[in-house]
Amino acid sequence: MPSYRPGIYCRNGRHDSLLLQKAFGQARRKGTRQLFGTLARTFLEILRPAWRKEVHGSHAWQDPNPQWTEYARILAQLVSDASARIATLRRWQARQRARRVHHRIRLDEQADRSTRLLSLCFGNICRSPYAAYRLERILCSNAPSPCWHIESSGILPKPGRQPPHEAQIAAQTLGTPIDAHSSRHSAPCDLTQHHVILIFDRQNLHHLRDTGILGHPGIAVAMLGDYLPPSRQGCEISDPYGGDINEFIQTYRVIDEGLTALTQATQRQHTS
């Protein structure tokens, strides 16, 4: 069996586990497309001792005790890391629940003045254009004051796309045609021009957090799912892209339900 490669002084389970963890973290930040390639290359690197291309510091068939000790330490570290991550997740969920209530209050407070509202989703061809057209029709017909200026855009930097055929049929069925819509992309500087940003899922929320919009003074970020009935309050409205007409109709009906509750909340605030 060949000896160690230059610069590799010892290979052991702990080192390999850290190598895999680091590779996974870097690949996850680069995107899903590069994730599998990076992990595959890392696994091939770790398996070199199994293919007898390199010696391993703690794996010896004649004396397996060191490797079992190494595996026990790795398992204990994984359990410790998982416990820490669970605690962090619980704290994050508690902050999210508090933030949702805060955003609902802030959104209702916008009813006291002229408001620029942006409906934001991923591609701006399915959920956000339908919500914008629907909300504009509801607010402008039922609430002459305050004045609402409603737009829609997407996170994906691909402007000029048309809604899918299934989305157009579903929206037409529900009385809100979107066939004339063309997708828009909003850069972070564009997002700051709005008073309220209406989003649909955590991907939208993470984008606003990463771009510094979340928590920006003067901008209320509201998850439409927070305005659904208590039994479904806080749920995400998933992207129906790629689904059939029935899936689009079901998604648009959930959006209608959330927009109706949102409109009632703003009208109560305005009349009180």
Just wondering, do [Y] and [X] contact through their side chains at under 4.5 Å, heavy atoms?
X	Y	value
T251	R127	yes
P159	R184	no
I237	D201	no
H194	H149	no
I245	T173	no
L118	D190	no
K158	H185	no
E257	L228	yes

Under the side chain to side chain contact (heavy atoms under 4.5 Å, CB included) criterion, do S182 and Q162 qualify, and how do the steps go?
CA-CA 5 Å; S182 180; Q162 302 298 315; 3.9 Å; yes

Donor-acceptor pair between S152 and N124 side chains, under 3.5 angstrom:
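Yes.
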
Would you sort out whether H181 and Q168 count as a side chain to side chain donor-acceptor pair (under 3.5 Å), showing the intermediate values?
CA-CA 10 Å; H181 174 74; Q168 296 182 29; over 6 Å; no

Dump the intermediate steps for side chain to side chain contact (heavy atoms under 4.5 Å, CB included) on D256 and R134, then the final yes or no.
CA-CA 8 Å; D256 287 345; R134 190 71 166 182; 3.2 Å; yes

When you look at S119 and S128, which way does the side chain to side chain donor-acceptor pair (under 3.5 Å) test go after all the steps?
CA-CA 5 Å; S119 176; S128 59; 4.7 Å; no

Side chain to side chain contact (heavy atoms under 4.5 Å, CB included) partner of I219, chosen from I197, V196, L214, L191
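One option only clears the test, and that one is I197.
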
Is the ring pair Y252/Y130 parallel, tilted or perpendicular, if the boundaries are 30 and 60 degrees?
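The rings of Y252 and Y130 lie parallel, inter-plane angle below 30°.
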
Considering non-hydrogen atoms only, spot the tightest contact between I155 and L120 and give its length.
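Minimum heavy-atom contact is N-CD1, 4.2 Å.
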
